[in-house]
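Here is the structure we will look at.
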Amino acid sequence: MPHRRLQLIFNKVFLISQPISANFRGNMKEYNFSEIEKKWQEYWEKNKTFKTHDDFSNPNKYYVLDMYPYPSGAGLHVGHPEGYTATDIVARYKRMKGFNVLHPMGWDAFGLPAEQYAIQTGTHPALTTNKNCDTFRRQIKELGLSYDWDREINTTDPAYFKWTQWIFIKLYNTWYDHETDRGRSIEELPIPQDVIKAGDDARKEYIDSRRLAYYDNAQIWYCPSCRIVCANEEVLTDGSHEKCGHKVVRRNLKQWMLRIPYYAERLLRGLEKLDWPEGIKEMQRNWIGRSTGAEVDFKVEGHDDIIKVYTTRPDTLFGATYMVLSPEHPLIGKITSPDRLGEVQEYVSAASLKSDLDRTDLAKEKTGVFTGTWAVNPVNNKKIPVWVADYVLMGYGTGAIMAVPAHDERDFEFAMKFGLDIICILSPDITDAEQKARIISGRECWSGDGIYVNSSNSDLGITLDGLDVEEGIETITRWIEQRKLGSHRINYKLRDWLFSRQRYWGEPFPVIHWDDGRITLTDEKDLPVTLPDLEVYEPGDSGESPLSNATEWLYVTDSQGRRGRRETNTMPQWAGSCWYYLRFIDPKNDTEIFDSRKEKYWMPVDLYIGGAEHAVLHLLYARFWHMVLFDLGIVSTVEPFMKLFNQGMILAFAYETATGAKVSSDQITEKDGRFFNKETGEELRQIVAKMSKSLKNVINPDDVVKNYGADTLRLFEMFLGPLEATKPWDEKGIRGPANFLARAYRLIANSENITDGQEDPEVLRSLHKTIRKVTEDIEGLRFNTAISAMMIFLNTALKKEKITRESASVFARLLSPFAPHLGEELWQLTGHEGTLAYEPWPVAKEEYLKEDVFECPVSVNGKMRFKIELPVDLPQEEVRKIILADERARKWIGTAMPKIIIVPNRIVNIVI
RNA sequence: GCCCGGAUGGCGGAAUUGGUAGACGCGCUGGUCUCAAACACCAGUGGCAGCGAUGCUGUGCCGGUUCGAUCCCGGCUCCGGGUACCA
């Protein structure tokens with residue numbers, strides 16, 4: 001087989017030494033990324049290079065955190081390395097700046113997919129979870145991310161969720177003191193005398209009604225497909241479950257709830273101080289939904305009851321022509337007139353069957369019934385009818401409204417449909433006379449500003465006529481309070497947080513329900529309450545958790561022989577992620593949640609990077625828990641995350657037909673920049689879309705690492721565009737960063753290019769410019785332009801075909817946060833030993849940046865015409881002389897006497 | 001509907017926030033190397049006109065402020081995200 005031998009020799013000589021491109025360039029050393037990356041990953045692991053020490057003597061600490069992943073079976077997708085590389089660059093940079101850096105990683109490993117898989121196959125979710133974590137860990141390590149793996153945590157580990165349960169107990173044993181505006185231990189709750197007199201049960205009830213965590217009947221969303229209850233936040237606006245997309249239904253079940261609205265005001269105010277994207281803050285503000293207005297009491301004709309309404313526009317009271325109660329309003333039964341009772345009951349029960357979807361989307365068409373009862377408008381003592389309609393929600397305000405059809409779109413629509421009075425009391429500030437006339441006559445709704453009309457009652461001493469809206473609200477609110485008809489009031493949209501799930505794979509509640517109806521919590525010293533092993537993971541049809549099948553685990557008897565049953569619900573996935581950032585501080589501590597000295601040192605998180613999809617839920621819940629822990633003196637900062645940054649989504653190409661039907665990416669063939677369906681030959685349009693299994697356009701980072709190396713992948717993802725932008729993944733572009741790294745290696749690894757003398761002045765200036773740019777850009781998280789600056793430097797150095805050892809070592813350090821493996825390799829090649837991870841970050845020297853002349857652009861009438869070399873800081877008069885003497889300028893000026901605008905060291909503009 | 005973002009070459013994106021529009025990269029064109037190709041290297045590359053110097057034009061659209069506008073103001077169009085009977 002002579003051929004084969006030849007082939008082998010050929011390979012040895014020509015191929016193996018040139019791994020990236022099978023070419024031959026004499027003795028030139030070429031970039032072999034897989035060898036280099038393997039070498040340094042082993043080095044870091046063996047030397048525990050990135051182990052973080054709780055070195056309190058270094059006052060400069062930096063806690064940089066990723067949103068830890070749910071380890072799905074599919075492994076990483078290219079979106080993960082984006083955020084992880086960003087934080088890794090910052091972590092490595094800060095280490096070199098002398099900071100003590102905490103940069104940990106862990107797993108948000110409770111969750112539905114592992115349980116779904118258990119239902120199908122009987123595999124214990126813990127097995128699935130561990131397997132997935134192993135895959136994620138391997139993939140993340142292959143990216144060269146500098147985590148301290150000794151701090152790895154896993155939310156499903158009993159040693160971790162012991163403390164999740166511990167926090168739940170704290171929540172249960174905390175009440176909110178509105179006087180001092182903070183959460184306090186339930187033992188400090190003052191009990192009113194009358195409650196004490198009423199006995200033990202009343203006292204218990206009183207206390208329970210104040211706890212931040214409580215157990216109660218709740219109208220909740222239930223997903224029949226997942227057989228799970230959902231938090232309001234998990235139900236999309238079209239009434240479908242965000243996890244599975246199936247429609248959810250209403251159920252009434254006993255559930256654990258958390259009183260997050262008590263913290264609404266502080267959660268809102270706290271946003272001001274945070275360095276978060278404005279958009280995210282705005283989303284949280286909207287979610288909290290603060291509004292100011294007034295509660296106003298309306299007397300009901302023929303009854304002692306009053307109807308309390310909440311309104312943000314008490315100033316429109318004179319225009320209130322009817323009232324509406326929500327179908328769930330408790331007064332309906334009492335005040336409905338006997339002749340209307342049947343119809344009203346029918347409407348109420350129909351409404352209760354409707355999903356919120358029907359009550360919102362479809363209900364652009366308003367429905368409602370008259371109760372036969374009248375209320376009295378307190379500003380003019382006019383009788384106004386009381387209706388029931390499902391456009392009023394029980395969960396907001398008081399569940400009842402005063403309707404002002406002339407100035408509220410919803411009320412207007414309703415009034416038009418049922419022929420109710422529409423009285424305009426606000427003359428709009430518009431010029432369109434026809435529209436104005438329609439509004440004044442009540443034929444059109446006006447919700448904008450204006451001047452009051454028909455808004456006075458001298459008998460009651462109130463007039464708004466002639467005022468503007470701001471004055472009007474102030475005047476009427478004062479009047480209402482004086483007359484004791486109601487009071488100023490602040491309302492929030494934020495509701496109690498439904499905190500239990502009918503699931504197996506979550507944190508068990510440390511709770512026992514006793515036969516006598518009482519509830520006790522597990523003693524802290526008996527934590528964790530662990531999950532029992534099960535044969536069957538299937539939930540019950542009634543929405544009962546699979547834990548109700550674990551009979552041995554389920555039933556308990558106390559020392560008095562009282563029988564009880566453990567809570568079978570488990571906590572939602574948010575629970576573990578609400579505080580994981582705290583556990584990273586002291587992950588192995590089994591006597592405390594964490595050492596508070598360490599907490600004081602490391603907190604708060606200085607930089608938190610993750611996807612914007614967690615804008616409201618995770619980030620609001622975590623802030624809430626953190627504030628409670630702060631109130632209880634467990635943590636030292638009010639807010640957990642000082643700076644937040646959202647990386648944009650990475651999209652990928654997808655293909656669709658002329659009619660918009662999507663075609664899976666493995667069906668595509670490209671010809672001359674056009675795209676065709678392989679099978680049908682139909683021409684397709686290339687679009688960018690979210691990566692999804694169904695479009696088969698998911699990019700697997702493993703493949704990219706294999707083909708180009710981790711450093712190139714990291715660089716490419718950062719070079720794609722601004723971190724926060726949504727960017728399309730186009731594999732063609734990866735050659736840019738790949739070539740850059742190969743060229744850098746080629747320059748520095750080949751010793752004939754390295755000198756020990758004086759650096760070329762042009763290279764030196766370029767180097768210091770690059771140091772400055774890269775430093776600024778890392779601080780500002782502008783990695784794309786930092787990389788471009790390094791490319792510019794490399795191009796400059798390559799032109800000279802040589803570089804000093806010193807410059808090369810500076811470049812190695814600048815590059816290392818972005819491409820850490822190659823950075824280390826180049827550091828070694830420039831004659832250093834060990835790692836550069838803690839070598840000082842280069843500092844740009846002004847003396848090399850200074851230039852004495854610059855190319856000054858000269859524009860004529862604002863249009864750049866030519867450039868002229870000028871000394872820096874030349875006095876304006878001199879510049880003027882030079883410009884006027886220049887023949888290129890004279891060509892434009894001619895005989896005119898021009899005005900010359902000189903922006904020092906920047907531009908000259910000749911105005912003719 | 002409301003609230004936030006966006007819109008710059010064939011493509012991803014730069015532009016010190018009022019001062020040279022298109023950095024850097026991809027792609028493309030031409031060249032060197034090669035038997036040939038790939039790789040690598042060199043040169044060019046917004047559009048229109050011209051052999052050329054050069055000129056005109058150009059940052060979604062219309063208008064304004066300014067010596068000068070991708071940037072500020074007014075009015076639109078389209079795209080993305082959030083949210084929605086929250087009184």
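Hydrogens, waters and symmetry mates are skipped; everything else that's a heavy atom, side chains included, is used. Reminder, nothing fancy here: chain letters follow the sequence lines and each chain counts from 1.
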> Hey, is the side chain of A:Asn286 poking within less than 4.0 Å of OP1 or OP2 on B:C4, counting only N and O atoms?
Replying inline: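 No, A:Asn286 has no side-chain N/O under 4.0 Å of OP1/OP2 on B:C4.
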
> B:U54 phosphate, OP1 or OP2: any side-chain N/O from A:Arg865 under 4.0 angstrom?
Replying inline: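 False: A:Arg865 side-chain N/O out of range (4.0 Å or more) of B:U54 OP1/OP2.
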
Name the closest nucleotide to the [X] side chain, picking from [options].
X: A:Thr311; options: B:G25, B:A87, B:G55; value: B:A87
X: A:Lys727; options: B:G13, B:A15, B:A87; value: B:G13
X: A:Asn784; options: B:C26, B:C85, B:G13; value: B:G13
X: A:Pro722; options: B:G25, B:A14, B:C41; value: B:A14
X: A:Arg735; options: B:C67, B:U83, B:G27; value: B:G27
X: A:Tyr310; options: B:C85, B:C26, B:A87; value: B:A87
X: A:Val911; options: B:C67, B:G12, B:A87; value: B:C67

> Could A:Lys366 and A:Phe414 be counted as a cation-pi pair, given that NZ or CZ must be under 6.0 Å from the ring centre and within 45° of the axis?
Replying inline: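 Here A:Lys366 fails the 6.0 Å and 45° test against A:Phe414.
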
> Do A:Phe716 and A:Trp729 have ring centroids that are under 6.0 Å from one another?
Replying inline: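 Aromatic pair counts; centres sit under 6.0 Å.
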
With a 4.0 Å cut-off on heavy atoms, is [X] in touch with a base, just the backbone sugar-phosphate, or nothing at all?
X: A:Trp892; answer: sugar-phosphate
X: A:Ile401; answer: base
X: A:Asn795; answer: sugar-phosphate
X: A:Lys493; answer: base
X: A:Asp411; answer: nothing

> Any chance the side chains of A:Ser859 and A:Asn909 put a donor and an acceptor closer than 3.5 Å?
Replying inline: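 Yes, side-chain donor-acceptor contact under 3.5 Å.
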
> Have A:Tyr708 and A:Ser34 got a donor and an acceptor in their side chains that come within less than 3.5 Å?
Replying inline: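 No - no donor-acceptor pair under 3.5 Å links their side chains.
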
> Considering only heavy atoms and no angle criterion, is a donor-acceptor pair shorter than 3.5 Å present between the side chain of A:Lys366 and the base of B:C85?
Replying inline: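 Yes, a donor-acceptor pair under 3.5 Å.
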
> Stems in RNA chain B: runs of 3 or more consecutive Watson-Crick or G-U pairs, distances under 3.5 Å?
Replying inline: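 Result, WC/G-U stems under 3.5 Å: B:1-7 with B:77-83, B:10-12 with B:24-26, B:27-32 with B:40-45, B:46-49 with B:54-57, B:60-64 with B:72-76.
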
> Glycosidic conformation of B:U34, syn or anti, with 90° from 0 as the boundary?
Replying inline: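 Here the answer is anti: the torsion falls beyond 90° from 0.
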
> Under the rule syn = chi within 90° of 0, otherwise anti, which is B:G47?
Replying inline: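 For B:G47, whose glycosidic angle is more than 90° from 0, the conformation is anti.
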
>> Nearest whole Å is fine: how far is B:G82 P from A:Glu613 CD?
In response: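 Atom CD in A:Glu613 sits about 10 Å away from atom P in B:G82.
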
>> Between P on B:G12 and CG on A:Leu720, what's the gap in Å once rounded to a whole number?
In response: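 So the two atoms are 11 Å apart, to the nearest Å.
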
>> Protein within reach of the bases, or only the backbone? For nucleotides 16-21 of chain B, mark each nucleotide 5' to 3' as B, S or -, using heavy atoms under 4.0 Å.
In response: B--BBS

